[in-house]
Amino acid sequence: MQLGQTIQQIRKDNNLTQEGFAELFRVTRQTVSNWENEKSYPDLLTLVAISDSFNFPR
């Protein structure tokens with residue numbers, strides 16, 4: 001599974017919209033969309049925050 005797909009799956013599993021997910025990590029909805037479509041990627045600190053927030057193994 002690619003990173004974008006993983007982020008999207010985490011978001012959907014937790015019943016979050018892109019907007020809701022974006023608010024949690026202080027980014028825009030467009031940023032989340034870009035992550036999910038692999039046009040860009042979260043920085044390392046944000047990846048760790050996502051992992052910690054959703055108990056996703058590192």
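The chain is numbered in sequence order, starting from 1.
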Atom of [X], atom of [Y] and distance for their closest heavy-atom approach:
X     : Y     : answer
Ser33 : Gln18 : CA-NE2, 3.6 Å
Glu38 : Gly4  : OE2-N, 3.0 Å
Pro42 : Leu47 : CG-CD2, 3.8 Å

Derivation of the side-chain contact (heavy atoms from CB on, under 4.5 Å) call for Gln5 and Gln9: CA-CA 6 Å; Gln5 291 172 320; Gln9 192 62 51; over 6 Å; no

Asp13 vs Phe54 side-chain heavy atoms within contact, under 4.5 Å: no

Out of curiosity, [X] [atom1] to [Y] [atom2], how far, rounded to the nearest 0.5 Å?
X     : Y     : atom1 : atom2 : answer
Gln30 : Lys39 : CD    : NZ    : 11.5 Å
Arg29 : Asn34 : CZ    : CG    : 9.0 Å
Leu24 : Glu19 : CG    : CD    : 10.5 Å
Ile10 : Glu36 : CD1   : CD    : 10.0 Å
Ile50 : Leu3  : CD1   : CG    : 7.5 Å
Ile7  : Thr46 : CD1   : OG1   : 9.5 Å

Whether Arg11 side chain and Leu16 backbone form a donor-acceptor pair below 3.5 Å: yes

Contacts of type ring-ring contact (aromatic ring centres under 6.0 Å, His included), residue Phe25, not counting sequence neighbours: Phe21

